[in-house]
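What you see is a predicted model, and the numbers here were worked out from it, not measured in a lab.
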Amino acid sequence: VVTAAVVAVVSVTSSAFMGRVFEKQRRMDLLSYQRSATNLGVGIGSLLSGIALSIDTAAAFKWLFVIDALTWLVYGWIRLVLPDLPPAAQGVAKRRKTEALRDRGFVGLSFVDSLLRLHDMVYRLALPLWLVQFTVAPKATIAIVFALVTGAVTVFQVHLGKGADTPPHAARVLRNSAWFLLLAFVV
């Protein structure tokens with residue numbers, strides 16, 4: 001839970017940083033590259049986890065924690081060398097905290113986006129549990145499945161994200177991805 005919370009904060013802060021530093025036309029491309037890089041990291045972590053599962057010793061699992069800690073230290077160092085930005089809200093009138101909840105389009109999109117993000121929990125939690133409990137597949141299969149899925153996202157994310165740089169195009173990409181997710185769940 002703590003790691004998930006940290007990852008969520010890191011994702012939001014790095015996206016906000018990119019939104020402030022790069023011009024509007026490049027943001028979606030950069031977010032696609034960020035998603036690909038994230039999935040590359042998850043894929044590498046999955047392969048390392050598969051190796052630890054295959055070795056099946058306490059030392060192998062402890063090394064996973066050491067490697068994970070080292071990656072967070074590298075992230076921290078990168079964040080420290082990035083320049084500080086001035087606050088974005090200079091000169092902007094104060095708004096009510098509940099103003100966004102009055103925007104039905106925003107609330108609807110947030111709800112649909114939350115539903116679509118459930119695939120991440122299925123992929124990261126339900127699928128591995130299913131593989132371990134209800135199949136006779138070797139435990140390392142989990143790592144291979146993760147690596148294949150994250151590899152596919154890494155390869156195709158930037159290409160499939162093209163054209164999502166305006167709200168109508170982004171809505172089309174979101175709608176198409178929802179259909180593909182539904183098909184994947186059915187399969």
Side-chain angles (χ1 to χ4, degrees), residues 1-22 27-85 110 113-161 177 180-187:
V1 172
V2 172
T3 301
V6 169
V7 169
V9 169
V10 166
S11 177
V12 169
T13 57
S14 62
S15 295
F17 184 84
M18 286 194 306
R20 298 267 314 280
V21 172
F22 298 102
R27 287 183 197 154
M28 288 311 297
D29 288 341
L30 292 169
L31 289 172
S32 291
Y33 284 110
Q34 178 189 25
R35 178 79 180 198
S36 290
T38 299
N39 278 284
L40 177 63
V42 170
I44 292 169
S46 298
L47 292 175
L48 291 173
S49 298
I51 293 168
L53 283 169
S54 297
I55 295 171
D56 198 22
T57 64
F61 291 106
K62 287 177 184 175
W63 272 105
L64 286 178
F65 286 104
V66 170
I67 292 168
D68 185 46
L70 290 174
T71 63
W72 282 105
L73 288 173
V74 169
Y75 171 78
W77 175 79
I78 290 171
R79 182 56 192 99
L80 283 174
V81 298
L82 289 174
D84 287 331
L85 298 175
S110 297
D113 186 56
S114 298
L115 286 177
L116 292 176
R117 289 182 183 266
L118 287 176
H119 82 281
D120 225 23
M121 290 307 290
V122 169
Y123 152 66
R124 292 181 190 215
L125 184 64
L127 184 61
L129 288 174
W130 177 77
L131 283 170
V132 169
Q133 293 181 351
F134 299 107
T135 71
V136 293
K139 290 179 182 176
T141 304
I142 298 169
I144 294 168
V145 169
F146 263 52
L148 288 174
V149 171
T150 57
V153 172
T154 301
V155 170
F156 296 115
Q157 174 71 39
V158 174
H159 175 70
L160 293 175
S177 65
F180 281 113
L181 282 172
L182 180 63
L183 178 65
F185 279 120
V186 170
V187 173

K.L.:
Mind listing the closest non-hydrogen atom pair of Ile67 and Leu48 along with its distance?
P.N.:
CG2-CD1, 4.2 Å

K.L.:
Output the distance between atom OG1 (Thr150) and atom CG (Leu47), rounded to the nearest 0.5 Å.
P.N.:
7.5 Å

K.L.:
Side chains of Thr71 and Val74: closer than 4.5 Å at any heavy-atom pair?
P.N.:
no

K.L.:
Is the number of heavy atoms from other residues, nucleotides or ligands under 6.0 Å of Phe61 CZ greater than 12?
P.N.:
yes

K.L.:
For Ala37, which residues count as a side chain to side chain contact (heavy atoms under 4.5 Å, CB included) partner, sequence neighbours excluded?
P.N.:
none

K.L.:
Please report the interatomic distance CH2(Trp63) to CG(Asp68), rounded to the nearest 0.5 Å.
P.N.:
13.5 Å

K.L.:
Begin with the C-alpha distance, continue with both residues' side-chain angles, and end with the deciding distance and a verdict on side chain to side chain contact (heavy atoms under 4.5 Å, CB included) for Trp77 and Val81.
P.N.:
CA-CA 6 Å; Trp77 175 79; Val81 298; 3.9 Å; yes

